[in-house]
2 protein chains.
Amino acid sequence: MEWPVTSRTIHCSDPVAPANVHAPATDGDTIANDACGTCIMRGFCLPSWGEPGAPPPLQRTHIARRRVRKGQAVFRQGDRSEYLYAVRFGSFKSVTGLRDGREQVMSFHLPGELFGFEGLADGAQPCTVRAIEDAEVCVLPLADVSEAAGESRFVLHRLTQALSMELVRERRMAALIANTRSEERVGTFLLNLSQRLSERGYSAREFQLRMTREEIGSYLGATLETVSRCLSSLARQGFVTVHRRQIEIVDADGLRASYETPA
Amino acid sequence: MEWPVTSRTIHCSDPVAPANVHAPATDGDTIANDACGTCIMRGFCLPSWGEPGAPPPLQRTHIARRRVRKGQAVFRQGDRSEYLYAVRFGSFKSVTGLRDGREQVMSFHLPGELFGFEGLADGAQPCTVRAIEDAEVCVLPLADVSEAAGESRFVLHRLTQALSMELVRERRMAALIANTRSEERVGTFLLNLSQRLSERGYSAREFQLRMTREEIGSYLGATLETVSRCLSSLARQGFVTVHRRQIEIVDADGLRASYETPA
DNA sequence: CGGGAACTTGACGCTTGTCAAGACGTGTGG
DNA sequence: CCACACGTCTTGACAAGCGTCAAGTTCCCG
């Protein structure tokens, strides 16, 4: 089964015209899966969502990969939303323009995570997603995802589950900002990163922040100065060590005990 | 076609375990829709989500109605989530318990709106939903909703659309709290209520707040005193009039211009 | 090696939370 | 029908937290 490669190729909407996206199609009949088969993220990605025993979803879809350089946009606010994206490596921020011209960070996307759900609402992306370091995504056509969900109750369940988990995360975030002072927000942010990284096989104890203090501040509803002060304060209390972007979580339980929102 | 009223009535489960919800199927073949046919909210509700021409979704589902008195819970944090709920009349708040025992308001649900999506994530409700005035909901079994989505691409699309709209709303909320001072939050809250009410056929200009200042404050990340001061301030500036819970929006455009977040 | 971006730290003032007192409305019981 | 009590709301005074402005340091990249 061959597939006209270019018909599925997506061109980046950034000012610079980037990179076509694709690995060339192989001419076997399991197209997607030899690409997915060697992907380090395959265990977390959508093609693994199938029922055990049944053929995996998106088996017949050609899944393009796309390089995105630091600062480039994967898509922009207002673009038509036709794809879901899975982060292969690198990190992204989701931002929306503010009245005064600044950008508000709405979320971060780490390796192994999916993004692009928000665009399902009305077909237009409400946010711009931008790489905060050199990165690569897999591009999953929404039409195919939707078809897979229609064909398998299992996939449908995973899809609605993913969506509602996002919803719950977003609510937690709003509650965090509404109810806590900035030091607690920063502490919770670190714990959150730590957990998400460890779920994907990275160290929960030590990691590098990929984002600036300003981006963290925007996300958490604080200024970059406040973020910096909070990090210093958490370090002074012995919960973490901070050397610029290198974080070590020294006392996760202590941090959790004083800061993490309970059930 | 007559209906044994009591078979549709569900009694509130508040302190006790949730009652079973399904009435026995009747032996006609168009079951749900004579109940929905006379419902004032039918144009907004899930059974209207079908493709034009095709039979509406949940046609064969018995849709129970349930009265909920002021202060009673529809479901509680931790309950298994087996249903979606549609508000027939009255208003609800969605709350989550805080460390210190207080309750944080996560959202409000007005007549004609759906709630219960959040529970899809892991099968357990992350929030308690409580009536803030005497109210009634329709109870839609998730299994049937899911089945309808599996059978019709159209319904699937509406469902994911509804979920991602919630997601976008939640993000906007987080951004609002993160980036604005309290007067702007309160102004935006009023505009938001106004719009949601007018979408359901109520007046956009005049309405009654169904919630206390404290609940608004919890939702917006402010204290009840601050909410009160902001309402007074907005009134002093001529944007609205406020008499306890009676709100009139005098200058919506002015309010929007100074407060509403732009694209 | 130099320039600039990112970060840290300090001083000061605005916004909001906290505490407190009092006004208004509603429901209940005499 | 009135009186009282309670929940809700308003307003004021003060203090704490955080944003803003500013200066100086560290690190990265060309």
Side-chain angles (χ1 to χ4, degrees), chain A residues 69-71 91 93 98 100 102-105 130 132-134 176-187 189-190 208-237 240-247 258-259, chain B residues 69-71 91 93 98 100 102-105 130 132-134 175-190 208-237 240-247 258-259:
Chain A
R69 297 204 174 279
K70 179 172 176 174
S91 310
K93 64 177 175 181
L98 251 46
D100 52 21
R102 287 172 317 148
E103 285 189 334
Q104 155 75 11
V105 175
R130 202 178 283 287
I132 56 180
E133 59 182 331
D134 289 354
L176 182 74
I177 297 177
N179 284 296
T180 66
R181 44 194 67 167
S182 48
E183 192 170 306
E184 177 163 351
R185 295 182 214 167
V186 173
F189 177 71
L190 293 180
Q208 281 252 356
L209 297 176
R210 302 302 179 169
M211 60 294 282
T212 67
R213 306 286 193 262
E214 185 170 14
E215 287 163 340
I216 298 172
S218 173
Y219 180 59
L220 294 176
T223 59
L224 69 95
E225 294 94 331
T226 299
V227 172
S228 178
R229 275 186 256 267
C230 290
L231 286 172
S232 302
S233 167
L234 291 174
R236 227 176 297 123
Q237 295 168 67
V240 298
T241 67
V242 181
H243 291 110
R244 287 184 76 85
R245 297 200 180 176
Q246 184 65 34
I247 304 290
S258 26
Y259 297 122
Chain B
R69 293 202 177 280
K70 179 174 177 172
S91 311
K93 63 176 175 181
L98 252 43
D100 52 20
R102 287 173 316 150
E103 284 188 334
Q104 155 75 11
V105 175
R130 202 178 283 289
I132 56 180
E133 60 182 329
D134 290 354
L176 182 74
I177 297 177
N179 284 295
T180 66
R181 44 196 64 172
S182 50
E183 192 170 308
E184 178 164 350
R185 295 182 214 167
V186 172
T188 305
F189 176 72
L190 293 180
Q208 281 252 355
L209 297 176
R210 302 301 180 172
M211 60 293 282
T212 67
R213 304 287 193 261
E214 185 170 14
E215 287 163 339
I216 297 172
S218 173
Y219 180 60
L220 295 176
T223 59
L224 70 95
E225 293 94 331
T226 299
V227 172
S228 178
R229 275 187 255 268
C230 290
L231 286 172
S232 301
S233 167
L234 291 175
R236 228 175 297 122
Q237 296 168 66
V240 299
T241 67
V242 181
H243 291 110
R244 289 186 75 82
R245 299 200 177 174
Q246 184 65 35
I247 303 291
S258 25
Y259 297 123

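Chain letters run A, B, ... following the sequence lines, proteins first and then strands; every chain starts at 1. Here the structure is a predicted model, which is why all the values come from computation and not from measurement.
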If only side-chain N and O atoms count, and only distance matters, is there a donor-acceptor pair under 3.5 Å linking A:Glu183 with A:Gln237? yes
Show your working on side chain to side chain contact (heavy atoms under 4.5 Å, CB included) between B:Lys93 and B:Met211 and close with a plain yes or no. CA-CA 9 Å; B:Lys93 63 176 175 181; B:Met211 60 293 282; over 6 Å; no
Would you kindly compare B:Glu214 and A:Ala222 by the position of their nearest DNA chain D nucleotide and give the one closer to the 5′ end? B:Glu214
Considering every strand and a 4.0 Å limit on heavy-atom distances, what is the contact class for B:Gly217: base, sugar-phosphate, or nothing? nothing
In whole Å, what is the span from the CD atom of A:Gln246 to the C1' atom of C:dA6? 16 Å
For the pair made of CZ in A:Arg210 and P in C:dC7, what is the distance, rounded to whole Å? 13 Å
Please name all residues satisfying side-chain hydrogen bond (donor to acceptor under 3.5 Å, both in side chains) with B:Glu103, sequence neighbours left out, ordered by chain then number. none
Any side-chain to backbone donor/acceptor pair from [X] onto [Y]? Under 3.5 Å, distance only.
{"X": "B:Ser233", "Y": "B:Arg229", "value": "no"}
{"X": "B:Arg213", "Y": "B:Arg244", "value": "yes"}
{"X": "B:Glu184", "Y": "B:Arg181", "value": "no"}
{"X": "A:Arg185", "Y": "A:Leu220", "value": "yes"}
{"X": "A:Ser232", "Y": "A:Ser228", "value": "yes"}

Side chain of A:Arg213 - closest among C:dT8, D:dT8, C:dT18: C:dT8
By side chain to side chain contact (heavy atoms under 4.5 Å, CB included), which residues pair with A:Thr241, not counting sequence neighbours? A:Glu248, A:Val250
Taking only heavy atoms on the protein side, list every residue of residues 225-232 of chain A lying under 4.0 Å from any atom of DNA chain D, sorted numerically. A:Glu225, A:Thr226, A:Arg229
Using five pairs at each end of the helix from C:dC1-D:dG30 to C:dG30-D:dC1 to define an axis, what is the angle between those two axes, to 10°? 40°
Please list, pair by pair, any protein nitrogen or oxygen found under 3.5 Å from a nitrogen or oxygen in nucleotides 25-30 of chain D.
none

Could you check whether B:Asp134 pairs with B:Arg69 (Lys NZ or Arg NE/NH1/NH2 to Asp/Glu carboxylate O, under 4.0 Å)? yes
Identify the pairs formed between an N or O of the protein and an N or O of nucleotides 15-17 of chain D at a distance under 3.5 Å, and give each distance.
| from | atom 1 | to | atom 2 | distance (Å) |
| --- | --- | --- | --- | --- |
| D:dG17 | OP1 | A:Arg181 | NH1 | 3.4 |

So with a 6.0 Å cut-off around CD of B:Glu133, is the heavy-atom count from everything else above 12? yes
